[in-house]
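Bear in mind the structure is a predicted one, so any value in this text is a computation, not a measurement.
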Amino acid sequence: MKKVLVVDDSPADLTNLRTILTDVGCFVSTASTGSEAVKKAKADKPNIIFLDIVMPDMDGYEACRLLSEEPSTKDIPIVFVTSKGQKADRVWGQMQGAKGYVVKPYSADQLIDQLKALA
């Protein structure tokens, strides 16, 4: 069973992501801020992280950068799930260490494809 960390400040998005990933057999933990995501990733060592970009406290770019630089979490693939759909956003996400990028609104298939490809 794959361990997945889902990070989003929107309770509705968290619930939707959790439902999609639980339905395909994943064990899902959640966080609602970037700093909470960094702590949970270090503690839980998920197989993959689905990370929003626009969040209070610490945005997804900074969280991704910190996780990519940390020896204990640098090998965990990070997929941004965000409303930021511009090419510049995707490029910047890759530069921060993200391995995938899904734009909201997303389909369950888009998330499952990322899961299969990276986790």
Side-chain angles (χ1 to χ4, degrees):
M1 179 178 279
K2 294 189 185 332
K3 285 175 25 181
V4 179
L5 175 60
V6 173
V7 187
D8 201 306
D9 59 323
S10 159
D13 280 326
L14 270 184
T15 300
N16 191 33
L17 289 161
R18 173 188 271 156
T19 300
I20 291 167
L21 295 165
T22 303
D23 285 351
V24 294
C26 295
F27 174 78
V28 180
S29 60
T30 61
S32 54
T33 67
S35 55
E36 186 185 358
V38 172
K39 285 181 197 145
K40 281 199 171 184
K42 288 179 183 178
D44 299 346
K45 304 289 189 292
N47 300 107
I48 189 168
I49 300 169
F50 288 96
L51 180 63
D52 188 19
I53 293 175
V54 182
M55 294 182 292
D57 167 32
M58 177 192 298
D59 71 19
Y61 291 134
E62 186 177 352
C64 183
R65 204 166 35 249
L66 289 171
L67 290 166
S68 297
E69 293 169 354
E70 172 68 35
S72 66
T73 56
K74 68 180 175 56
D75 295 326
I76 302 169
I78 296 171
V79 176
F80 281 124
V81 181
T82 180
S83 56
K84 295 174 74 66
Q86 300 296 315
K87 183 172 183 187
D89 298 317
R90 289 175 183 269
V91 170
W92 186 244
Q94 287 176 331
M95 290 171 66
Q96 306 315 303
K99 302 290 185 248
Y101 205 96
V102 176
V103 178
K104 295 176 186 175
Y106 49 80
S107 69
D109 287 343
Q110 287 175 291
L111 296 175
I112 294 164
D113 288 348
Q114 291 290 322
L115 184 68
K116 286 178 183 169
L118 297 169

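Here the closest non-hydrogen pair linking Cys26 and Leu115 is SG-CD2, 3.5 Å. Among all heavy-atom pairs drawn from Lys84 and Val103, the shortest one is O-CG2, 4.4 Å. Counting all heavy atoms, side chain and backbone alike, Asp44 lies closest to Ser29 at OD2-OG, 3.8 Å. Contact between Ser68 and Gly97 at its shortest, heavy atoms only, is OG-CA, 3.6 Å. Scanning both residues, Gln114 and Ile48, for their nearest heavy atoms gives O-CD1, 4.0 Å. Contact between Thr30 and Glu36 at its shortest, heavy atoms only, is O-OE2, 4.0 Å.
Here Asp23 contributes atom CG and Leu111 contributes atom CG; the two are 12.0 Å apart, rounded to the nearest 0.5 Å. In this structure, OG1 in Thr33 is found 11.5 Å from CG in Asp59, a value given to the nearest 0.5 Å. Here Ser107 contributes atom OG and Asp113 contributes atom CG; the two are 7.5 Å apart, rounded to the nearest 0.5 Å. Residue Cys64 holds its SG atom at 9.5 Å from CD of Glu69, rounded to the nearest 0.5 Å. Here the CD-CG distance, from Gln96 to Leu66, works out to 10.0 Å after rounding to the nearest 0.5 Å. Phe50 contributes atom CZ, which lies 14.5 Å from atom CZ of Arg18 (distance to the nearest 0.5 angstrom).
Following chains of ILVMFWY side-chain contacts shorter than 4.5 Å, one cannot reach Tyr106 starting from Leu5, and the two form parts of different hydrophobic clusters. Tracing side-chain contacts under 4.5 Å through hydrophobic residues (I, L, V, M, F, W, Y), one never reaches Tyr61 starting from Val81; they form parts of separate clusters. Leu51 and Val102 fall into different hydrophobic clusters, where Ile, Leu, Val, Met, Phe, Trp and Tyr residues are linked whenever their side-chain heavy atoms come under 4.5 Å apart, directly or through other members. No single ILVMFWY cluster, assembled from side-chain heavy atoms under 4.5 Å apart, contains both Val6 and Ile53. Hydrophobic clustering (side-chain heavy atoms under 4.5 Å, transitive across Ile, Leu, Val, Met, Phe, Trp, Tyr) keeps Phe27 apart from Leu118.
By the 4.5 Å heavy-atom criterion applied to side chains, Lys42 and Thr73 are counted as neighbours. Side-chain contact between Val7 and Asp52: absent, with no pair of heavy atoms (C-beta onward) separated by less than 4.5 Å.
Counting only distance, with no hydrogens or angles, the side chain of Glu70 and the backbone of Leu67 share no donor-acceptor pair below 3.5 Å.
Environment of NZ in Lys2: sparse, with no more than 12 heavy atoms of neighbouring residues, nucleotides or ligands closer than 6.0 Å. Around NZ of Lys3, the count of heavy atoms belonging to other residues, nucleotides or ligands within 6.0 Å exceeds 12.
Under 4.0 Å is where a charged nitrogen must lie from a carboxylate oxygen, and between Lys104 and Asp8 at least one such pair does.
Between the side chains of Asp89 and Tyr101, no donor-acceptor pair of N or O atoms lies under 3.5 Å.
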